[in-house]
Number of protein chains: 2
Amino acid sequence: MVARPTGGRRADILVAAAELFAEHGYRGVTIDDLGRAVGTTGPALYRHFPGKEALLGQVLVEISARLSRQGEELLARAVGPDHALDLLLRGHIAFALDEPALITVHDRELGNLTPEDRARVRRLQRGYVEQWVGVLADLLPEESRSVLRASVHAAFGLLNSTPHSRGTVGREAMAELLFAMGRAALVRDR
Amino acid sequence: MVARPTGGRRADILVAAAELFAEHGYRGVTIDDLGRAVGTTGPALYRHFPGKEALLGQVLVEISARLSRQGEELLARAVGPDHALDLLLRGHIAFALDEPALITVHDRELGNLTPEDRARVRRLQRGYVEQWVGVLADLLPEESRSVLRASVHAAFGLLNSTPHSRGTVGREAMAELLFAMGRAALVRDR
DNA sequence: CACCTATGTTAGTAATCATTAACATCACCG
DNA sequence: CGGTGATGTTAATGATTACTAACATAGGTG
């Protein structure tokens, strides 16, 4: 009902979209659902985004960019590979615990993207994985890059499991558990 | 074009459905897609299943039942908790590597089920998780059940990551990697 | 104040899709 | 061989839904 020149509405929509997509899947959410979630009707969304697909694209690109940027920042601050791995683990775990909806959408909805958006997201994801692989390559020089890449994907599966285990475990304990499990899985003997 | 009294068609449909649901999601697959995948037209499916929802239900119930039954069989044959965990890990890994489509559908499509089917699947899943928790409780008596449950979910996330890492790693090497990572994550110090 | 832009609203529209109807055909059984 | 049941086919049908059109309004700015 009001004309607010702020871009606040746009951000609201993205947050609501992530939430709804996480809960019902991209195809299970209608434009009207999205409008209702931000207090307008469905078609109002077309004032902010060209369409539903573009909306999902924004959500996914933002998530991947955020993870990748966070990774870069952490690595810049790390003193050695051991420390770097700790920081990456804690950073990813914080993200997964604080934004379960984003994590869920991130690994379920790649297939509903425009080819262009999919390529963008894939590139960002690959970059983030390579940050981890680089650190692990320092820690485990005997392992091949491809084994390390598979290890990283497996570790992400572990760390991203929190949306599945709406547990009785409490955030801090969960963070510690995931950290211990993730580190043990990645650097087994050492 | 033929009247085959065998139940083969029915099984074909379930296999094709699992594959298509894994690739495009339940809502991204049409009845006509399913028919085409088994060499008929869409409406022919209604001779075998009451509807699309029931089809997904069959797929998910079958997966959960298979995992749970496999778990029971393995535990019956295990000599001690250590051996039991090894068997559970290897069994789950074999399933994940051999049936990536089933794994994918299994943890994405719960939300598209009838309440009745959802309850059935949940019960079976819970049973399977409790098999793992029971074994871990023997190995790690100091940990609470709820921490163990969260650990099991995290381990599943790790083991089920293979569909995400269509890697260059080869089945056997991948199985060994997942085994080592899973075991290390679950029984860290011991 | 007059206007323009940003943002909404309600009422289409055209496509998609699950499901049903009406009608065929084959294989087997008496 | 004629009927019956299992299995298919094509052609509706009705619901859902992304997106568009036409029309409103509020607030800042000249």
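By convention in this document, chain letters (A, B, ...) are assigned in the order of the sequence lines, proteins followed by strands, and residues within each chain are numbered from 1.
Distance CG (A:Leu45) to P (C:dT9): 10 Å, rounded to an integer number of Å. Between the CD atom of A:Glu53 and the P atom of D:dT17 there is a distance of 17 Å, rounded to whole Å. Straight-line distance from the CZ atom of A:Arg36 to the P atom of C:dT9: 12 Å, rounded to whole Å. The CG-P distance, from A:Leu55 to D:dC19, rounds to 10 Å in whole Å. Across the protein-nucleic acid pair, B:Asp32 atom CG and C:dT19 atom P stand 12 Å apart, rounded to whole Å. When the P atom of C:dT19 is taken as reference, atom CG of B:Leu34 falls 11 Å away, rounded to whole Å. Rounded to whole angstrom, the span from the CD1 atom of A:Ile31 across to the P atom of C:dT9 amounts to 14 Å. For the pair A:Ile13 CD1 and C:dG8 P, the computed distance is 7 Å after rounding to whole Å.
Under a 3.5 Å cut-off, the side chain of B:Asp12 and the backbone N or O of B:Arg9 do not form any donor-acceptor pair. At least one donor-acceptor pair under 3.5 Å links the side chain of A:Asp33 to the backbone N or O of A:Thr30. With A:Thr104 contributing its side chain and A:Pro100 its backbone, the two residues share a donor-acceptor pair below 3.5 Å.
A:Gly42 comes within 4.0 angstrom of no nucleic acid atom, judged by non-hydrogen atoms across all strands.
Taking a cutoff of 4.0 Å between a charged side-chain nitrogen and a carboxylate oxygen, A:Arg69 and A:Glu62 do not qualify as a salt bridge. A salt bridge does not link B:Glu109 with A:Arg108: none of the charged nitrogens is closer than 4.0 Å to a carboxylate oxygen. The existence of a salt bridge linking B:Arg171 and B:Glu176 is excluded, since no basic side-chain nitrogen approaches an acidic carboxylate oxygen closer than 4.0 Å. Contact check on A:Arg183 versus A:Asp82 returns a salt bridge, with a Lys/Arg side-chain nitrogen under 4.0 Å from an Asp/Glu carboxylate oxygen.
The hydrophobic cluster containing B:Leu74 does not contain B:Phe95, counting ILVMFWY residues as joined when their side-chain heavy atoms lie under 4.5 angstrom apart, directly or transitively.
Close to C:dA6, at under 4.0 Å from its OP1 or OP2, lies no side-chain N or O of A:Arg9. A close approach under 4.0 Å does occur between a side-chain nitrogen or oxygen of A:His48 and OP1 or OP2 of C:dG8.
When the nucleotides D:dA18, C:dG8, D:dG8 are ranked by their closest atom to the side chain of A:Thr40, C:dG8 comes out on top. Picking from D:dG8, D:dT9, C:dT9 the nucleotide with the shortest atom distance to the side chain of B:Thr41 gives D:dT9.
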Distances under 3.5 Å only, N/O to N/O: pair up the protein atoms with those of nucleotides 20-22 of chain C.
none

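Residues from residues 14-29 of chain A placing a heavy atom under 4.0 Å of any atom in DNA chain C do not occur.
Applying the ring pair (Phe, Tyr, Trp, His ring centres under 6.0 Å) rule to pairs touching residues 139-190 of chain B yields B:His92-B:Phe156, B:Tyr128-B:Phe156, B:Trp132-B:Phe156, sequence neighbours excluded.
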